[in-house]
Amino acid sequence: MPQPNAQLALGALLVRIAFADKSYQAAEVGQIDKILASTFDLKPLEAAKLRATCEALERHAPGTPEFARILRDEVDYEDRKALADAMWSVALADGERDEGEELQLLAIETALGLTDADIAAARRTALAPK
């Protein structure tokens, strides 16, 4: 497995959120690909390949704190706040709220060093009626 960098750490955390409800659906996969493509300026096929690598990494990787540390070290605070919004979009991509996904998300947001106020704001934004 490759050594995690910011791309791999983010992708693995997104996969971890999607798997938290024990169901990995096409809508979640598509949302992960979209986030990876837009965050790292990748073509769709490149994003899909990155996601596939992240899926394997997530299965064999260290815990959430290690991935979050990589992102804390390599990504500034404002961008980490934006990542929280992106992570919520994965958790909600299947159209259902799941306690396991939300708990995983809270653990990741906390490990990313986000303030309680910013975590609450990301949650409010994600759950606001569209």
Side-chain angles (χ1 to χ4, degrees):
M1 294 287 7
Q3 278 298 104
N5 58 19
Q7 283 186 342
L8 294 172
L10 173 60
L13 288 174
L14 294 171
V15 169
R16 191 162 282 172
I17 291 165
F19 271 125
D21 65 354
K22 311 288 189 265
S23 172
Y24 193 49
Q25 298 184 16
E28 293 166 321
V29 170
Q31 189 63 23
I32 292 169
D33 286 358
K34 181 178 167 185
I35 291 165
L36 293 174
S38 66
T39 302
F40 300 113
D41 195 28
L42 302 173
K43 292 180 170 54
L45 184 57
E46 294 170 324
K49 287 180 180 180
L50 176 59
R51 179 200 19 90
T53 300
C54 293
E55 290 168 348
L57 181 63
E58 191 280 332
R59 283 191 296 276
H60 300 96
T64 296
E66 289 83 357
F67 287 134
R69 182 190 46 74
I70 291 166
L71 291 171
R72 276 195 325 267
D73 291 347
E74 296 186 25
V75 178
D76 68 40
Y77 188 83
E78 289 302 313
D79 288 337
R80 281 184 277 142
K81 279 180 22 182
L83 292 179
D85 292 334
M87 290 177 187
W88 268 102
S89 73
V90 170
L92 299 173
D94 59 6
E96 298 176 20
R97 286 183 66 181
D98 177 80
E99 183 178 353
E101 288 177 335
E102 290 186 29
L103 289 172
Q104 184 70 249
L105 200 77
L106 178 59
I108 291 168
E109 290 169 320
T110 301
L112 286 174
L114 300 180
T115 66
D116 289 344
D118 287 336
I119 291 170
R123 179 185 183 92
R124 272 193 312 276
T125 299
L127 299 177
K130 306 282 189 257

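None of these values were measured; they are calculated from a predicted model.
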Apply the test salt bridge (charged side-chain N to carboxylate O under 4.0 Å, His left out) to residues Lys81 and Glu78: give CA-CA distance (whole Å), side-chain angles for both, the deciding distance (0.1 Å), then the verdict.
CA-CA 5 Å; Lys81 279 180 22 182; Glu78 289 302 313; 3.4 Å; yes

When rounded to the nearest 0.5 angstrom, what is the spacing between CD in Glu109 and CG in Asp116?
10.0 Å

Heavy-atom pair of closest approach, residues Leu57 and Leu8:
CD2-CB, 3.7 Å

Inter-residue atom distance Leu45.CG - Leu50.CG, 0.5 Å rounding
11.5 Å

Tell me whether Lys49 is salt-bridged to Glu46, with the criterion being a basic N under 4.0 Å from an acidic carboxylate O.
no

Could you walk me through whether Glu55 and Arg51 pass the salt bridge (charged side-chain N to carboxylate O under 4.0 Å, His left out) check?
CA-CA 6 Å; Glu55 290 168 348; Arg51 179 200 19 90; 3.0 Å; yes

Give, for atom CD of Gln104 and atom CG of Asp98, the distance between the pair rounded to the nearest 0.5 Å.
11.0 Å

Run Asp79 and Leu83 through side-chain contact (heavy atoms from CB on, under 4.5 Å) and show every step you take.
CA-CA 6 Å; Asp79 288 337; Leu83 292 179; 5.5 Å; no

Any donor-acceptor pair under 3.5 Å from Thr39 side chain to Leu36 backbone:
no

Around Asp73, counting heavy atoms of other residues, nucleotides and ligands shown, do more than 12 lie under 6.0 Å from its CG?
yes

Is Asp94 close to Asp21 at the side-chain level, that is, under 4.5 Å between some pair of heavy atoms?
yes

Just verifying a value: how many Å separate Ile119 CD1 and Ile108 CD1, rounded to the nearest 0.5 Å?
11.0 Å

Report yes or no: do Ser23 and Glu28 form a side-chain donor-acceptor pair below 3.5 Å?
no

Evaluate the criterion side-chain contact (heavy atoms from CB on, under 4.5 Å) for residue pair Ser89 and Ile35; output intermediate values, then yes/no.
CA-CA 9 Å; Ser89 73; Ile35 291 165; 3.4 Å; yes

Step by step, would you call Glu102 with Arg123 a side-chain contact (heavy atoms from CB on, under 4.5 Å)?
CA-CA 9 Å; Glu102 290 186 29; Arg123 179 185 183 92; 3.1 Å; yes

Nearest non-hydrogen partners of Ala9 and Leu71, listed with the distance
CB-CG, 4.1 Å

Side chains of Leu127 and Leu92: does their closest heavy-atom pair fall under 4.5 Å?
yes

Using side-chain heavy atoms (C-beta onward) and a distance below 4.5 Å, is Leu10 in contact with Met87?
yes

Which atom pair, heavy atoms only, marks the closest approach of Ala18 to Glu101?
O-OE2, 3.5 Å

Atom CG of residue position Asp76 - does it have more than 12 heavy atoms of other residues, nucleotides or ligands inside 6.0 Å?
yes

Would you say Leu14 ends up clustered with Leu103 if hydrophobic residues are merged whenever their side chains have heavy atoms under 4.5 Å apart, either directly or through other cluster members?
no

Closest non-hydrogen atom pair between Arg16 and Thr64, with its separation
NH1-N, 3.0 Å

Within the structure provided, determine whether Ile17 and Trp88 are in side-chain contact (heavy-atom separation under 4.5 Å).
no

Closest approach of Tyr77 to Leu114 (non-hydrogen atoms, all atoms of both residues):
OH-CA, 3.4 Å

Quick check: closest heavy atoms across Cys54 and Ala12, and the distance to 0.1 Å?
CB-N, 3.6 Å

